Amino acid sequence: MIEHSLSLCYHNKLILAPMVRVGTLPMRLLALDYGADIVYCEELIDLKMLQCKRVVNEVLSTVDFVAPDDRVVFRTCKREQSRVVFQMGTSDAERALAVARLVENDVAGIDVNMGCPKEYSTKGGMGAALLSDPDKIEKILSTLVKGTRRPVTCKIRILPSLEDTLSLVKRIERTGIAAVAVHGRKREERPQHPVSCEAIRAIAETLSIPVIANGGSHDHIQEYLDIEDFRQATAASSVMVARAAMWNPSIFLKEGLRPLEEVMQKYIRYAVQYENHYTNTKYCLCQMLREQLESPQGRLLHAAQSSQEICEAFGLGAFYEEMTQELNARRAEFLARTPEAAGEPAEDTSGIIKMAVKFDRRAYSPQITPKMCLLEWCRREKLAQPVYDTVQRPLDRLFCSVVTVAEQKYQSTLWDKSKKLAEQAAAIVCLRSRGLPEGRLGEESPSLHKRKREAPDQDPGGPRAQESAVPGKLCKKPFVALGSGEESPLEGW
Ligand SMILES: Cc1cc2nc3c(=O)[nH]c(=O)nc-3n(C[C@H](O)[C@H](O)[C@H](O)COP(=O)(O)O)c2cc1C
């Protein structure tokens with residue numbers, strides 16, 4: 001199924017460095033657009049990856065590695081398949097191999113992070129902690145080299161003495177890895193310390209495999225031409241750029257840096273196209289804006305609470321509308337093609353009362369939800385508690401909940417992004433079909449007024465789907481598109 005060659009070449013390459021939170025799919029694609037040859041994903045921890053399922057996302061045309069809580073831990077796509085290197089955090093050879101096997105058909109290379117000095121990494125024996133355990137390094141790398149079909153690399157920092165550094169890298173080379181990336185700083189050094197071009201040069205002159213020089217942002221690399229200067233200063237085969245690319249990914253462009261506004265707009269377009277979680281999009285844009293965070297645009301970005309608001313802050317409101325419509329149309333088309341996969345019965349004979357409703361959390365006080373209203377009503381009526389039965393369909397990983405109250409089942413025909421939202425929607429169907437208050441802001445209900453006074457400050461909600469309850473029939477009316485006020489838990493990492 002994989003179309004690229006099994007061996008990625010690490011000679012003479014411009015490389016986007018692994019960066020936690022920054023190196024997600026939109027940034028990697030943008031770096032490729034601007035001329036990066038190879039892009040590393042952010043470090044992903046082996047234990048987390050091993051909980052993930054590989055899911056082909058037909059709507060986004062991506063491959064997603066999805067955690068049990070439905071978060072997308074790693075999202076990739078065909079465009080980068082022959083250029084993306086998967087970096088893992090690990091301290092165990094068997095786990096590392098299991099992760100490599102999980103992702104190897106979707107990536108071009110496998111890398112082990114041996115340079116992260118942060119406590120969360122070193123505490124578990126990962127990252128820079130590995131540098132003081134060469135036996136473990138050898139075990140991990142040789143297990144990976146033998147066991148995976150992809151080229152294996154590692155990213156290290158330098159040791160306190162050059163002699164120890166050289167003996168470590170020689171041992172690393174003997175494991176058969178394809179290249180080594182060297183961040184020319186010691187474990188305890190921070191970005192403000194100068195990078196040692198001399199140490200990287202000594203390593204490059206000692207090894208036969210390609211050495212990838214790293215650590216040059218700010219002091220050495222501020223624009224495209226500086227990348228080659230850094231390569232020459234370190235005698236390395238290739239250069240890996242982190243911060244300079246995070247600040248402006250057009251650093252990889254031969255023609256020189258593009259204006260930040262243009263770069264950020266391109267970034268946002270990818271973020272929306274690939275349903276990147278808005279918090280991650282916002283984080284990356286903040287890294288790009290840097291000292292302009294206090295500008296009017298920076299303030300708008302800071303206040304944004306959704307992908308739509310981010311788009312609006314950057315004059316991309318119309319783009320957001322178009323893209324979400326296109327994605328929704330793709331979703332609908334896909335579901336229509338495969339009703340069985342969608343989990344929809346061909347004919348509904350279930351006797352379940354159904355309506356096309358969604359829970360728009362902005363329309364409700366956080367203290368009063370439809371589920372709470374339903375529970376309270378059941379208690380008052382001395383009925384058994386509502387029972388929620390929720391399923392997730394594999395096709396798009398959306399949820400649908402059926403609630404049973406007094407032996408009658410209720411369900412929304414609109415599938416939701418999370419179990420919680422689906423349950424709220426089912427509760428709404430039950431409450432509406434029984435003509436009961438559901439806790440909407442501004443709803444007339446004496447029993448709810450008391451609680452609303454305890455919870456002021458709520459944003460009045462948007463429109464609501466008004467559907468009549470038809471026992472046993474799927475609602476045939478066009479669905480009313482309601483913002484749920486939540487980002488998809490599938491977005492993002
Ligand atoms: C925001 C951020 C996140 C980073 N995350 C990772 C990571 O996941 N894995 C890793 O090996 N290094 C990580 N690094 C370190 C960089 O890859 C790189 O080694 C370091 O920033 C020096 O390169 P530079 O001078 O080009 O910035 C990160 C650096 C930054 C600034």
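Predicted model only: the values in this text are computed from it and were never measured. Indexing begins at 1, ligand by ligand and atom by atom, following the structure's order.
- At distances below 3.5 Å, not a single donor-acceptor pair connects side-chain atoms of S237 with backbone N or O atoms of I212.
- Around NE2 of H193, the count of heavy atoms belonging to other residues, nucleotides or ligands within 6.0 Å exceeds 12.
- Judged by the 6.0 Å distance and 45° axis criteria, K371 is not positioned over the aromatic ring of F359.
- The minimum heavy-atom distance between V211 and A204, with the atom names listed, is CG2-CA, 3.7 Å.
- Checked against ring pair (Phe, Tyr, Trp, His ring centres under 6.0 Å), Y40 has no partners two or more places apart in sequence or in another chain.
- Residue N214 holds its CG atom at 11.0 Å from CD1 of I156, rounded to the nearest 0.5 Å.
- Near ligand 1, heavy-atom contacts under 4.0 Å come from A17, P18, M19, V20, E43, Q87, N113, K155, H183, N214, G215, G216, S217, V241, A242, R243, M246.
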